[in-house]
Amino acid sequence: MIKIKTKSAPYYNIGQLRVDYWNKLKIETAELARCHKGSANEKRHKKAAKELIKDLKGVECFFASPGKGRIRKLENTLTRHEHTSLSNLVAETTKQLVGDSFKSNPDFLDYDEQSIESVEEHEQYNSVRKNHFEVMFIDDISEQEETNLQHSLRTLRTSDDKFTYGVIVQRSFQDAMIALLFNYNIQAVVVRYAPPYHSKGIAPLIKPYIQQVTKLDFSSQSETDLGPIIGILIKQFRPELDAYYVTDTSLGHLKDSTIKSFRRIFYQTEDIQELHLTIMRGISERYNTPFFSALVDYSRKPTGVFHAMPISRGNSVFKSRWINDFGDFYGRNMFLAETSATTGGLDSLLQPTGPIKKAQELARDAYGSQYTYFVTNGTSTANKIVMQALVKPGDVVLIDRDCHKSHHYGLVLAGAYPVYLDSYPIDKYSMYGAVPLEQIKSKLLQLKDAGRLDKVKMLLLTNCTFDGLVYNVERVMEEVLAIKPDMIFLWDEAWFAFAGFANNYKQRTGMFTAKKLYEKYNSSTYRRRYSAHVKGLNNGDVSLLPNPDKVRIRVYATQSTHKTLSSFRQGSMIHIWDEDFRRKSENTFLEAYMTHTSTSPNYQMLASLDVGRRQVQLEGFELVEKSIEMAMVLRAKVNDNPQLSKYFDILTVHDFIPNKYRETGLKEYYTRNEGWNRMDEAWEEDEFVLDPTKITLFIGKTGVDGDTFKNKYLMDKFNIQINKTSRNTVLFMTNIGTTRGSVTYLTNALLKIADELDEEFKALNDKESEIRQKRIHSLTKEVPPLPDFSYFHHSFQAVPGVPGGNLRAAYFLAYNEENYEYVPLNECLIAMEKGKTLVASTFVIPYPPGFPVLVPGQVVSAEIINFLTVLDVSEIHGYRSDLGLRVFKESVLDRHKTTTSIGAMAMGVRKNK
């Protein structure tokens, strides 16, 4: 195994560095302003300020605001020894930068005040607040030409414009790519002519943060090709951006790839006003929210309601003496938008033709799918829709056993045979990891050897898991398609809806990978590679590459938009990238969608999905990056604080992922001595990676179990909500709504808990201390091993001796209470030793870990009983402590086996006929 040395940096990202350096400059210039002229202190602070300005110059050149203009002004002010003015200017800039005020206030920080031509223009800039963005021009022009360009575009603005923008110019290929990585505010890129490849000077300060750029190598390409290459790379790095190309190349000589890479191609002779209007139009189209806007318009119309829903328009609420406080709490707009109408400007979710259809099409473009459907009753329902749409009774589905329970119930509804896949266990923390690729392939090859590969329809995996384990989606799909070229993939991305808007993350999403593989397998380059690969195989060798003539890309992803992005609760989406959808699956999908979707969907939820899509297209790149930054900051705070690390440990990569699944050798994201490890290589290469926004806090050293810690300390004392606990951990999550203040609040809460634990430990007498130490030992050392899936009883096996079980038959067999009995947990092992086979008649799901340890038809193993016996959790669904474990009667199993065998024989006779 080749270990790649991981590079580290003192800051997690350039945003963290940028804010910190501006704050350092604020402190130095404030001290400078207080110094006596000619003093040693003045010289020292002036030198420090000069160095910081120089460092910031190498960063701000990639931003329009504050940008180069503000840096020049600082340099000039420092040269003139106007130290008080310098201090005030830096303080103002830092405040605007930290508060993000420059994004919505057209008081452009990138322009010197002298460049504003009139008092009226100055007042207009400062009095009107509009959404502000930046446009990057890529062109090797002079400073004067840049100023002229900015002036020309500024004169085209009108008071009626919905948006304003600043202009930033990058003069080389490398500088342009760095700006794309650094600058969240860029919403449009204009590539003019042929930029040179190499930057004229990359500041040493930023080099640790531009590995994605420095590893690119297009230096051998001619300059005429670099512009089109940038267009292609924009689609990979920042696909939400509008890209435009200005060229003199005739249309007949432009490559198809160039035409497809840009939203529009201009010729130098065309008016710059046309470019300006096109840029504004592109932003306006992304800003458009068809359904939300239609709902707002509808709510403003005077109507007479002679339909269902007395609550519509708020009439039954605001006229009431008894529930008008309900109306006051939610506000009148909520009720004005509450309607069951599907006409009058609105639309039907079940058969959309208007604003809902347009909203779903915009979501499709944002998430990179071929089709996107809104779901208003959660991803649990989305999972059942996809399952019922694609598999039928008798089909085989490979599924990770510790997936969400909705998938198991979906299998029951569909009548498909599950082949359960076991994730590797993380016993120490009472949780499961993810399913190794080798196990998936092993099950597939077993089914192939048994002649059952044609029955295999779907592979279903959770990505990312509740605890943050993320698959190498491309590797999984490629190696599975080499065995089963028409496999359908369902990626449960309930906790991963945000991933499509960060460059590292999107590489491990279903939609991004589906498109990538489709283009790859349809390329001549891949065909040549596959042909050479096949020629090199010996007799009996199995190809490791998919056959391009047989492979079909069929990928589905279900996402809980409400979990990680802006949406009301239960707002979810189904994304589809299926080249056979229209031909094979559209009708069955729509039938399943009709089956599970309410005829009275919540319009506010649909509007929130529409608006949430707008948000991620315009600021998702920034918000997701900041949520990761907040997670990293929290990790560092706990790691660096001796009082916190006394009781708490933030679990990191090596705690969750065994060495053999980490080819790059990355162990942790942050260490006090080395700083931040760059995770780019790991996210590209490793079989599994850890999503840093899922922060698992190990609390075993407190002597308090996870459930008690959540309720007694976090909720009762600090009103801190968390998602999950295990026996000795609690899980925190950062998201696009997490602020620096909330991270600080959590840190302070943990510090207070640590102080309280100190006092508790001091107050314990010898006996109490002994009890507490035993409890700590139990939580840190005496952890019950997590059981694997055993096997289906032969009565419920699809084919004897072959993976796959008849979950549906077992599930419904338990509908008759005469078919099952209860066995007390402490008697199960005794019964098994006497030769009795215990077969579960229901799902048994302990919380934690929150996944089934038993499913209907599964044989109960000694490992499962031992696990349930020592498990000290209060919530176990499907198990009654007063009665015991619910299992099938042995007589029922024998009878069911006979019936099943006769049925199978009858089917075989009919098939032979």
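All values derive from a computational prediction rather than experimental measurement.
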*Could you tell me which non-hydrogen atom of Q236 sits nearest to which non-hydrogen atom of K506, and how far apart they are?*
O-NZ, 3.3 Å
*Is there a donor-acceptor pair under 3.5 Å between the side chain of S442 and the backbone N or O of E438?*
no
*Please check if the side chain of D492 supplies one atom and the backbone of L461 the other of a donor-acceptor pair under 3.5 Å.*
no
*asked:* Do the side chains of E478 and R475 get close enough for a salt bridge, i.e. N-O under 4.0 angstrom?
replied: no
*Polar side-chain atom of T465 near backbone of L469 as donor-acceptor pair, under 3.5 Å*: yes
*So, for A243 and I234, which heavy atoms are closest and what is the spacing to 0.1 Å?*
CB-CD1, 4.0 Å
*When you look at NZ of K455, are more than 12 heavy atoms from neighbouring residues, nucleotides or ligands closer to it than 6.0 Å?*
no
_Would Y556 and S585 count as a side chain to side chain contact (heavy atoms under 4.5 Å, CB included) here? Give the steps._
CA-CA 12 Å; Y556 292 70; S585 304; 3.7 Å; yes
*asked:* Applying the ring pair (Phe, Tyr, Trp, His ring centres under 6.0 Å) criterion to F501, which one of Y367, F237, Y184, F496 satisfies it?
replied: Y367
*Answer with yes or no after comparing the ring centroid distance for Y530 and Y521 against a 6.0 Å cut-off, counting only values under it.*
no
*Spell out, as yes or no, whether a donor-acceptor pair under 3.5 Å connects the side chain of D402 to the backbone of F851.*
no
*E240-Q617 side chain donor-acceptor pair, cut-off 3.5 Å*: no
*Derivation and outcome, side chain to side chain contact (heavy atoms under 4.5 Å, CB included), residues S566 and I736*: CA-CA 8 Å; S566 294; I736 65 171; 3.8 Å; yes
*Determine, using ring centers only, whether Y373 and F589 are less than 6.0 Å apart.*
yes
_Show, in sequence, the C-alpha distance, side-chain angles and deciding distance for R613 and L565, and conclude whether the side chain to side chain contact (heavy atoms under 4.5 Å, CB included) test is met._
CA-CA 9 Å; R613 184 276 315 158; L565 297 175; over 6 Å; no
_Residues D467, K724: salt bridge by 4.0 Å N-O rule_ = yes
*Side chain of D686, backbone of V689: donor and acceptor closer than 3.5 Å?*
no
*Determine whether the aromatic ring centres of H408 and Y420 lie less than 6.0 Å apart.*
yes
*CD of Q351: more than 12 outside heavy atoms within 6.0 angstrom?*
no
*asked:* If you count heavy atoms of other groups shown closer than 6.0 angstrom to NZ of K520, is the number above 12?
replied: yes
*Counting distance only, does the side-chain N/O of N383 pair as donor-acceptor with the main-chain N or O of T558 below 3.5 Å?*
no
_Determine whether the aromatic ring centres of residues F688 and Y424 are separated by less than 6.0 angstrom._
yes
*Please name the pair of heavy atoms, one in Q360 and one in P352, separated by the smallest distance, quoted to 0.1 Å.*
NE2-CG, 4.0 Å
_Treating D610 as the side-chain partner and F291 as the backbone partner, does any N or O pair qualify as donor plus acceptor under 3.5 Å?_
yes
*State which residues pass salt bridge (Lys or Arg N to Asp or Glu O under 4.0 Å) with E586; sequence neighbours excluded, sorted by chain then number.*
R582
*Side chains of Q370 and E579: donor-acceptor distance under 3.5 Å anywhere?*
no
*Pick one: which of D578, D486, D580 meets salt bridge (charged side-chain N to carboxylate O under 4.0 Å, His left out) with R552?*
D580
_Test item: Y432 and T462 side chains (from C-beta on) under 4.5 Å apart, heavy atoms_ = no
*Charged N to carboxylate O below 4.0 Å: is that the case for D549 and R527?*
yes
*Verdict with supporting geometry, R452 and D454, salt bridge (charged side-chain N to carboxylate O under 4.0 Å, His left out)*: CA-CA 5 Å; R452 297 274 293 168; D454 63 311; over 6 Å; no
_D422/R401 ion pair, N-O < 4.0 Å_ = yes
*Taking the side chain as every heavy atom from C-beta outward, state whether Q187 and R286 have any atom pair closer than 4.5 Å.*
yes
*So does Y518 have more than 12 non-hydrogen atoms from other groups sitting under 6.0 Å from OH?*
no
*Assess whether side chain to side chain contact (heavy atoms under 4.5 Å, CB included) is satisfied between I283 and D242, documenting all intermediate values.*
CA-CA 8 Å; I283 301 300; D242 297 323; 4.1 Å; yes
*Within the side chain of Q212, is there an N or O that forms a donor-acceptor pair under 3.5 Å with the backbone of L181?*
no
*Is the count of non-hydrogen atoms from other residues, nucleotides or ligands lying under 6.0 Å from E591 atom CD greater than 12?*
no
*Is the Lys NZ or Arg CZ of R614 less than 6.0 Å from the centre of Y287's six-membered ring, within 45° of the axis?*
yes
*asked:* Assess the residue pair E361 and K358 against the criterion (salt bridge (charged side-chain N to carboxylate O under 4.0 Å, His left out)); give the C-alpha distance rounded to whole Å, side-chain angles, the decisive distance to 0.1 Å, and a yes or no.
replied: CA-CA 5 Å; E361 289 171 348; K358 292 178 182 176; over 6 Å; no
